[in-house]
Every structure is written in C-alpha cells, then in structure tokens.
Amino acid sequence: LTVGRSDPSACSDGSRGIFGGGYSVAGGYEDTIDYITIATTGNAQDFGNLSVARKSTNCVSDGSRGVFRGGRDSGANLNTMDYITIGTLGNAIDFGDTTVSIRASADCSDGSRGVFGGGVTSGYSNVIDYITIATLANATDFGDMTTGTGMPAGCSGGARGIFAGGETGPYVNTIEYITIQTTGNATDFGDLTLARGSLGGLSDNSRGVFAGGQQDVIDYITIDTTGNATDFGNLSEQIWNLAGLSGD
C-alpha cells in the first residue's frame with residue numbers, strides 16, 4: 001500500500017481493486033484511496049482521497065461505482081457516505097448519509113444494491129441498512145441481524161449476502177444470511193471454524209472466504225448452501241482489521 005495502515009475498506013470492479021481510509025502506522029486517520037490491478041502483482045498506487053479521513057469504513061460496488069459508508073475519525077463515528085468511479089482516478093464525492101453514525105460493519109452487494117450489517121455505534125449494533133449504488137441518496141433500513149454485532153465480515157454471491165463473525169462482548173462464530181433484494185431480518189447460516197472479530201471477507205460469487213481476526217485462520221463457505229465453514233488454509237501471519245476483495 002502507499003501508506004501502511006489498519007482498518008481500511010476495499011471494493012473492486014473485477015479488474016481494479018480499491019483500498020480506502022484506515023489508521024496509519026504513524027498514528028493518524030487516513031483519507032488515502034489506493035488502487036491495484038488485480039491481475040498484476042505490484043505495489044498500490046494513489047487513486048485520490050476520501051471526503052473525510054477515517055478508519056473502519058465499509059465499501060460496496062456495483063462493478064463501476066464504489067461507495068464508502070460510515071467509519072470513525074478522531075472525534076466520533078460518522079454517518080458519511082461518499083463514492084468514486086472505480087475506473088477513473090479522483091477524490092470521493094458525497095453520496096448521502098447512513099441511518100445511524102456507525103463504524104466497523106459488514107458489507108455485501110448483488111451488483112445493484114449495497115447492504116451493511118452490524119457495526120459499532122455507542123454499543124454493538126444489529127442494524128442492517130441498504131442503498132441503491134447507482135442512485136445518490138441516504139441509506140434505508142433493511143432489517144436486523146440476529147444480535148448486535150461489531151466488526152463482522154461480509155461477502156455475497158449474487159442474490160444472497162453473508163455476515164460472519166464479530167464481537168457481541170466476546171467474539172462470536174456466527175454466520176448469518178440475507179436475500180439482498182428482499183428486506184427483512186437476517187437468518188442463521190452456520191458457524192465459522194473459530195470465533196473471532198475484525199476479520200476480512202471476500203467471494204467469487206460462489207464461495208465466500210473469511211480471513212484473519214486475531215488469527216491466521218482462513219475459512220470458506222459455499223454461499224448458496226447453508227452450513228458451517230470449512231478450513232481453507234492460513235494467512236502468512238496473525239492479523240486483524242484487514243480488508244479483502246476479489247477479481248470476480
């Protein structure tokens with residue numbers, strides 16, 4: 001990355017990967033947006049800047065636009081949403097506001113609607129919000145998670161969105177799912193191999209992968225089939241507050 005940092009968010013258009021915000025190793029909230037070409041190994045390059053420097057934001061995309069939602073700056077949690085066009089370098093622009101000031105949620109998208117679940121407000125939140133990514137507007141209430149959960153991870157596989165892990169006080173191994181185009185409460189999916197929070201999630205629209213979270217553990221699920229996660233392998237080191245993306 002151009003700046004070493006924790007707590008960034010990530011999204012992609014299938015070709016270009018984007019990493020935005022975070023908390024730098026030098027000790028400051030970041031407005032940095034970096035990009036990579038997923039098919040080509042190499043260092044990240046500068047893309048532009050978020051409208052507000054912050055960590056623990058979330059990002060969803062529709063294959064063209066990336067939307068960053070919430071986060072925390074030096075003062076408080078934020079209700080900010082801003083967006084970029086992933087194929088065009090530049091700074092983020094105001095999109096609208098979240099239903100509540102919040103950080104450290106899980107996120108997923110079906111390529112049209114972006115959904116955010118859980119997070120941290122004054123405590124652990126069970127709120128699920130959604131946006132239509134192509135339409136600038138405030139977020140709308142979607143439903144609730146099964147319990148208030150901070151720092152979960154999310155991914156999606158077409159119609160279904162997944163929220164996994166997090167904290168409710170102790171770490172949890174819970175996996176929940178929603179149907180992204182149908183508002184309503186989340187439903188139990190299964191369990192991770194290990195309870196943990198502040199993990200990263202990604203998918204290829206078929207398989208969902210969850211990595212890290214005070215561990216080097218990588219788990220996977222088949223998104224269309226409810227059930228417990230299975231061991232995938234290990235990260236190169238134990239890590240938390242990480243972001244994940246894929247080229248699919």
Side-chain angles (χ1 to χ4, degrees), residues 1-12 17-25 29-30 32 34 36 38 41 43-44 54-61 68-72 102-109 116-120 124 145 149-157 161-177 189-223 228-248:
L1 296 171
T2 62
V3 178
R5 57 198 192 269
S6 70
D7 303 84
S9 59
C11 63
S12 86
I18 301 290
F19 302 96
Y23 192 78
S24 76
V25 294
Y29 292 87
E30 283 290 329
T32 303
D34 287 349
I36 56 170
I38 296 172
T41 58
N43 294 337
R54 59 200 196 266
K55 70 173 187 176
S56 302
T57 183
N58 294 91
C59 191
V60 293
S61 84
F68 299 91
R69 177 258 199 185
R72 181 179 178 85
I102 197 166
R103 72 180 190 274
S105 301
D107 52 72
C108 59
S109 167
F116 308 92
V120 181
Y124 297 119
M145 296 180 67
T149 306
M151 292 161 279
C155 68
S156 63
I162 304 290
F163 306 129
E167 300 183 20
T168 61
Y171 297 122
V172 297
N173 65 355
T174 306
I175 308 174
E176 305 176 20
Y177 75 95
F189 183 97
D191 297 312
L192 295 170
T193 62
L194 189 67
R196 58 201 195 272
S198 302
L199 63 170
L202 57 89
S203 83
D204 63 0
N205 290 317
S206 174
R207 175 175 284 184
V209 178
F210 303 102
Q214 295 86 23
Q215 305 288 336
D216 63 0
V217 173
I218 310 173
D219 289 350
Y220 76 94
I221 57 170
T222 301
I223 295 172
N228 294 336
T230 303
D231 181 65
F232 184 97
N234 299 98
L235 297 170
S236 60
E237 60 183 330
Q238 292 185 355
I239 194 168
W240 62 96
N241 294 333
L242 70 164
L245 56 83
S246 79
D248 288 307

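Please read these numbers as outputs of a predicted model, since none were measured by experiment. We use all heavy atoms of the structure for the numbers below, so side chains are in, but hydrogens, waters and symmetry mates are not.
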Asker: Would you find a donor on one side and an acceptor on the other, under 3.5 Å apart, between the side chain of Arg54 and the backbone of Gly21?
Answerer: no
Asker: Minimum heavy-atom separation for Glu167 and Val172, please, with both atom names.
Answerer: N-CG2, 4.4 Å
Asker: If I take atom CD1 from residue Ile221 and atom OG1 from residue Thr230, how far apart are they, to the nearest 0.5 angstrom?
Answerer: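 So the gap between those two atoms works out to 9.5 Å.
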Asker: Look only at the side chain of Ser61 and the backbone of Ser12, and say whether a donor-acceptor pair between them is shorter than 3.5 Å.
Answerer: yes
Asker: Which pair of non-hydrogen atoms, one from Phe210 and one from Gly201, has the smallest distance, and what is that distance?
Answerer: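 Taking every non-hydrogen atom into account, CD2-CA, 4.0 Å.
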Asker: Counting distance only, does the side-chain N/O of Ser105 pair as donor-acceptor with the main-chain N or O of Gly118 below 3.5 Å?
Answerer: yes
Asker: Return the minimal non-hydrogen interatomic distance between Gly161 and Cys108, and the atom names on each side.
Answerer: CA-SG, 3.7 Å
Asker: Is Phe19 close to Ile36 at the side-chain level, that is, under 4.5 Å between some pair of heavy atoms?
Answerer: yes
Asker: How close do Gly154 and Ala106 get, counting heavy atoms only, and between which atoms?
Answerer: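 Gly154 and Ala106 have their closest heavy atoms at N-CB, 3.7 Å.
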Asker: Find the distance between CD (Glu30) and OG1 (Thr2) and round it off to the nearest 0.5 Å.
Answerer: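 Between atom CD of Glu30 and atom OG1 of Thr2 there are 7.5 Å.
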Asker: Is any side-chain heavy atom of Leu1 closer than 4.5 Å to a side-chain heavy atom of Thr32?
Answerer: no
Asker: Check Gly117 against Pro152 and note the closest heavy-atom contact, atom names and distance.
Answerer: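 Closest heavy-atom pair between Gly117 and Pro152: O-CG, 3.9 Å.
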Asker: Give the intermediate values and the outcome of side-chain contact (heavy atoms from CB on, under 4.5 Å) for residues Tyr177 and Ile223.
Answerer: CA-CA 9 Å; Tyr177 75 95; Ile223 295 172; over 6 Å; no
Asker: If we only count heavy atoms from C-beta on, is the Ile175 to Leu192 side-chain gap below 4.5 Å?
Answerer: yes
Asker: For the atom pair SG (Cys59) and CG (Asp107), what is the distance rounded to the nearest 0.5 Å?
Answerer: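 That separation rounds to 7.5 Å.
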Asker: Report yes if the side chains of Phe68 and Ile18 come closer than 4.5 Å at any heavy-atom pair, otherwise no.
Answerer: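 They are in contact (side-chain heavy atoms under 4.5 Å apart), so the answer is yes.
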Asker: Within a strict 4.5 Å, meaning less than it, do heavy atoms of the Ile102 and Arg69 side chains meet?
Answerer: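 When only atoms from C-beta onward are counted, Arg69 and Ile102 do touch, with a gap below 4.5 Å.
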Asker: What do the steps show when you test Thr149 against Phe163 for side-chain contact (heavy atoms from CB on, under 4.5 Å), and what is the final call?
Answerer: CA-CA 10 Å; Thr149 306; Phe163 306 129; over 6 Å; no
Asker: When the side chains of residues 231-247 are checked against the rest of the protein, which donor-acceptor pairs come out under 3.5 Å, sequence neighbours left out?
Answerer:
residue: Asn234; atom: ND2; partner: Asp216; partner atom: OD1; Å: 3.2
residue: Asn241; atom: OD1; partner: Ser198; partner atom: OG; Å: 3.1
residue: Ser246; atom: OG; partner: Ser203; partner atom: O; Å: 2.5
residue: Ser246; atom: OG; partner: Asp248; partner atom: N; Å: 3.3
residue: Ser246; atom: OG; partner: Asp248; partner atom: O; Å: 3.4

Asker: Distance from Cys11 atom SG to Leu202 atom CG, nearest 0.5 Å?
Answerer: 13.0 Å
Asker: Drop me the distance from Tyr29's OH to Thr57's OG1, to the nearest 0.5 angstrom.
Answerer: 13.5 Å
Asker: With distance as the sole test, does Asn228 use its side chain to make a donor-acceptor pair with the main-chain N or O of Gly190 at under 3.5 Å?
Answerer: no
Asker: Which heavy atom of Gly169 sits nearest a heavy atom of Tyr124, and at what distance?
Answerer: N-CE1, 3.4 Å
Asker: Please examine the side chains of Arg5 and Asp34, heavy atoms only from C-beta on, and report whether any two atoms are closer than 4.5 Å.
Answerer: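 They are in contact (side-chain heavy atoms under 4.5 Å apart), so the answer is yes.
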Asker: Is it true that a side-chain atom of Arg196 and a backbone atom of Gly165 form a donor plus acceptor pair closer than 3.5 Å?
Answerer: no
